Each structure stands twice: as structure tokens, then as C-alpha cells.
**Student:** 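Provided herewith is a single structure, encoded as C-alpha cells, for subsequent inquiry.
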Amino acid sequence: MVNSVVNPFLSLTAPGVAGLKPYEPGKPIETLEREYGVRNAIKLASNENPLGPSPLALEAVIKASAKLALYPDGAGFALKAALGRHLGVQPEQVVLGNGSNEILELVTRTFVTPADEVVFSEHAFAVYPIVTQAVGATARVAPARDYGHDLDAMAGLVNENTRLVFVANPNNPTGTYLAREALEAFITSMPSHVLVVLDEAYFEFVDAPDYPDGIAWLERFDNLLVTRTFSKIYGLAGLRVGYGVGHPKLISLLERVRQPFNVNSAAMAAAEAALADHEHLRRSRALNASGMAQLVAGIEALGLHALPSVGNFLAVHVGRDAAPVYEALLRQGVIVRPVAGYGMPEFLRVTIGRPEENVRFLQALEAALNN
Ligand SMILES: *Cc1c(COP(=O)(O)O)cnc(C)c1O
């Protein structure tokens, strides 16, 4: 029984926390099947890799399971060394996280107090406002330009109270990206008391020639933290492992704030093995490129359009309130992501799936729109 007497401490939450709205994840397949009584549902809602992880990563998980009684290596020595080689940085420049979301949270807890401000863009990744509000800080949200980040508008919000600027490149849920020159000029223009957090969760998918590699800038900017993840192209979202790369002194501060064993042993083993499977990465990229073309063509054939995306997902403008369309897709066993919470009530975000999943989404979408 829930005690109906409300303890006074409940009203004594830290500043910002009482008004927090929880992150809304994509609906799990099991939840949809339970709630709607449908079967064979597909999920194109969380930008997961439809190929799954590398077989080498799965093998590593099985091998790691022999040592589950032991605490993981809290220093993450092997994975940091592998990432150092992979990225061309020192292991001391790498902090591991329970997903890159944890890095976004860690950096905010490390640098931002209730007196400070955090700048990010309208339609940007939902975790930025959550971590900002959770520490009681003030969010300064720059209006978007063509749904992407407007760097001039963002720079215009930076003042002496700004501690962090979040930049998603590419951005989720819009799929938009910032070109090398513009982003480099933006980072160069940031005052030294501002840390730029460059979120590259979809880095490995992008093949636009003017798309920058944030890690190449770390030698020049010590107020830059680049985050990446094994959840997206590496297909390991369920294990929760991501990382941040920056100046060793910056990283050592984040290392002090994190939990001692924040990344589990199976996740670290899988991530290290996944880094070595170049062929799986190549196949994942190729499947994404062809699926993207298939979906864009199908969406246009329905008389709709999607924002041009360099990621593994598309924001589709359905031309009306997207909530009933989302519901109609659910009833057909197709899970996508409503993005009204991102200020995009007429859009649905769909992850690029396998060819047959893309067909099923397009057919379900057509049926939903004709209802
Ligand atoms: C998915 C995503 C992340 C992080 O996901 P993790 O699973 O926590 O690594 C970070 N940023 C963006 C923009 C994302 O879309």
C-alpha cells in the first residue's frame, strides 16, 4: 500500500528537479505487443543498428560472462587503450560512460551550478535540457535555422554565466549537420570559460565530405569535449557504453565525479571487440545508405517529405498532427518516435531499418494517412 501521507522532504527537491519531465524513450517491442495485442511488431524508434552488433562483440560478451562475479576494471584500461589507438589519442584523454548520455550528465554535474547557464539549440537532443535542469541551471535555447543548429544564434546567447554549449553533430531528431568551417569558427569564437560539448553519436554514419571530425580539433581547443557511443552504429545500445574525449585535465575531473564502476565488464569487452570489426561497420553503413534512399523515395511517393539527414534516421513531416499517425502505426505493429516534445508536432522520426522493415513502415504509414 502506498502511504498517502506525503513526507515534507518531497517538497524539498533540489532546484529544477521537481519540474523535470522524464526522458521519453522509444516504446519497447514487448510493451507494444502487451498493450496493443499485436504480434511481430518492429521498432524503428531508437536509432539502433538493424544488423545488431558485430559477431565479435557477441563472442566477447560470452567470454566476459565467465567473470561476472568480479567487479569490472574500474579504470577501463583495455577499452581506453583500444579507443586511444582507434582515435589517435592518449588513453588519458578518454572517459568511459554508461552510454554517452552519462558523459553528457557527468560534464554538466562537473561544471554547472544553479548560477550558471547552458546553451543549446531548439529541436536538439532531449538530454541537454534534462541534464541542465537537473542541476538547477538555466537553459538558453537558440532558435533553429531550417531545423538545424543556428551557430550565430547560439553564439549570441553566450555570456559570462555560460559554462557549457551542447552541439549535436549530426543532430537528433533532425539529422541535420554542421559543416567543418562553420563549426570550427564557432568553437574558435567561444570564450575560454565556455566548454563546448560536441555530441557525435552518429559520427560513423556520416559521409558528407565537409563533415568534421571533432577529435582532430582537440589539439587546438582544450575547452572541447567530444562524445561518441557504441549504441548506434556498433549496435550495442543494450549494454550502455559510450565515451568522451578531451584534454587530460578535463577528463580527470570527469573521472572524479563518475561512479567507480560505471561501465560493466560485458559492455567494455563487447565495445573493444566491436572496434576491431571493420567489415561489420562497412556493412552497417552500406545498409543505412541504401535504406535511407529507399525510405526517402517511399516518403516522397506518398507526397510527404523528410528533413535531409546524414544519420541513420529521418524526421518525416506528415503534414498534420503526428500523434494520431503515430498511434495508427502502433496499431499496425510499427513503432516510430513522435517528436512533439522536441517542438516538432507534425513530424515522426523513423530509424532506417532493414529493407523489409522499411517497406512495412511505408505501407503502414500509407494506411495510417488514408484513415
Ligand atoms: C543516442 C544519442 C546519444 C547517446 O546514446 P547512448 O546510448 O547514451 O550512448 C547521444 N546523443 C545523441 C544525439 C543521440 O541521439
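We count ligands from 1, going down the list as the structure has it; atoms in each ligand are counted the same way. Note that these values count all heavy atoms, side chains included, but never hydrogens, waters or copies made by symmetry. Just so you know, these numbers come straight off a predicted model, no measurement behind them.
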**Student:** Between Leu218 and Gly246, which heavy-atom pair has the shortest distance, and what is it?
**Tutor:**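 Where Leu218 meets Gly246 most closely, the heavy atoms are CD2-CA, 3.9 Å.
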**Student:** Go through the steps for Tyr177 and Asp210 under the test side-chain hydrogen bond (donor to acceptor under 3.5 Å, both in side chains), then give the verdict.
**Tutor:** CA-CA 10 Å; Tyr177 78 100; Asp210 58 349; 2.6 Å; yes
**Student:** For a quick check under 3.5 Å, do Tyr36 and Gln332 share a side-chain donor-acceptor pair by atom type?
**Tutor:**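 Judged by distance alone, the side chains do not pair up.
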**Student:** Decide yes or no on side-chain hydrogen bond (donor to acceptor under 3.5 Å, both in side chains) for Asn101 and Tyr23, but give the supporting numbers first.
**Tutor:** CA-CA 11 Å; Asn101 274 333; Tyr23 178 80; 5.8 Å; no
**Student:** Quick one: which ligand 1 atoms are inside 4.0 Å of a heavy atom on Ala201?
**Tutor:**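 The list of qualifying atoms is 2 (C), 3 (C), 10 (C), 11 (N), 12 (C), 14 (C).
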**Student:** Just to confirm my output: which protein heavy-atom neighbour is closest to atom 9 (O) of ligand 1, and how far is it?
**Tutor:**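 Going atom by atom, the protein heavy atom closest to atom 9 (O) of ligand 1 ends up being Thr229 OG1, 2.5 Å.
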**Student:** Asn47 to ligand 1: N or O pair under 3.5 Å?
**Tutor:**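 N/O-N/O distance below 3.5 Å does not exist for this pair.
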**Student:** When you measure from atom 7 (O) of ligand 1 to every protein heavy atom, which one gives the shortest distance, and what is it?
**Tutor:**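 Going by distance alone, atom 7 (O) of ligand 1 is nearest to Ser231 OG, 2.5 Å.
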**Student:** For atom 4 (C) of ligand 1, state which one of Ala237, Ser100, Ala168 supplies the nearest heavy atom.
**Tutor:**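 Of the listed residues, Ser100 has the closest heavy atom.
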**Student:** Does Glu102 come within less than 4.0 Å of ligand 1, judged by its heavy atoms?
**Tutor:**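 Glu102: no contact with ligand 1 (<4.0 Å).
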**Student:** Here's a test for you: under ring-ring contact (aromatic ring centres under 6.0 Å, His included), which of Phe347, Tyr342, Tyr147 qualifies with His123?
**Tutor:**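 When Phe347, Tyr342, Tyr147 are each tested with His123, the ring-ring contact (aromatic ring centres under 6.0 Å, His included) holds only for Tyr147.
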**Student:** Would you mind telling me if ligand 1 is within reach of the side chain of Phe230, the backbone, both or neither, using heavy atoms under 4.0 Å?
**Tutor:**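 Neither; nothing of Phe230 gets under 4.0 Å from ligand 1.
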**Student:** Examine the side chains of Asn47 and Arg337 and answer whether a donor and an acceptor come within less than 3.5 Å of each other.
**Tutor:**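 Side-chain D/A pair, Asn47 to Arg337: absent.
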**Student:** List ligand 1 atoms under 4.0 Å from Arg240, heavy atoms only on the residue side.
**Tutor:**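 Every atom of ligand 1 under 4.0 Å from some heavy atom of Arg240: 6 (P), 7 (O), 8 (O).
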**Student:** Quick check against the 3.5 Å criterion: does Arg258 have a side-chain atom that pairs as donor or acceptor with the backbone of Pro260?
**Tutor:**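 Yes; judged by distance alone, with no hydrogens or angles, the pair exists.
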**Student:** I need the atoms of ligand 1 closer than 4.0 Å to a non-hydrogen atom of Asn172, numbered in the order shown.
**Tutor:**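 Near Asn172, meaning under 4.0 Å from one of its heavy atoms, ligand 1 has 13 (C), 14 (C), 15 (O).
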**Student:** Work out whether the distance between some heavy atom of Gly99 and some atom of ligand 1 is less than 4.0 Å.
**Tutor:**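 Gly99: in contact with ligand 1 (<4.0 Å).
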**Student:** Identify, for atom 11 (N) of ligand 1, the protein heavy atom at the shortest distance, and state residue, atom and that distance.
**Tutor:**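 Protein heavy atom at minimum distance: Asp199 OD2, 2.6 Å.
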**Student:** Over all heavy atoms of both residues, which pair between Asp277 and Pro55 is shortest? Give the atoms and the distance, please.
**Tutor:**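 Minimum heavy-atom separation between Asp277 and Pro55: OD2-CD, 3.9 Å.
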**Student:** Would you indicate which of Lys232, Glu48, Glu200 comes nearest to atom 1 (C) of ligand 1 when only heavy atoms are counted?
**Tutor:**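 Ranked by closest heavy atom to atom 1 (C) of ligand 1, first place is Lys232.
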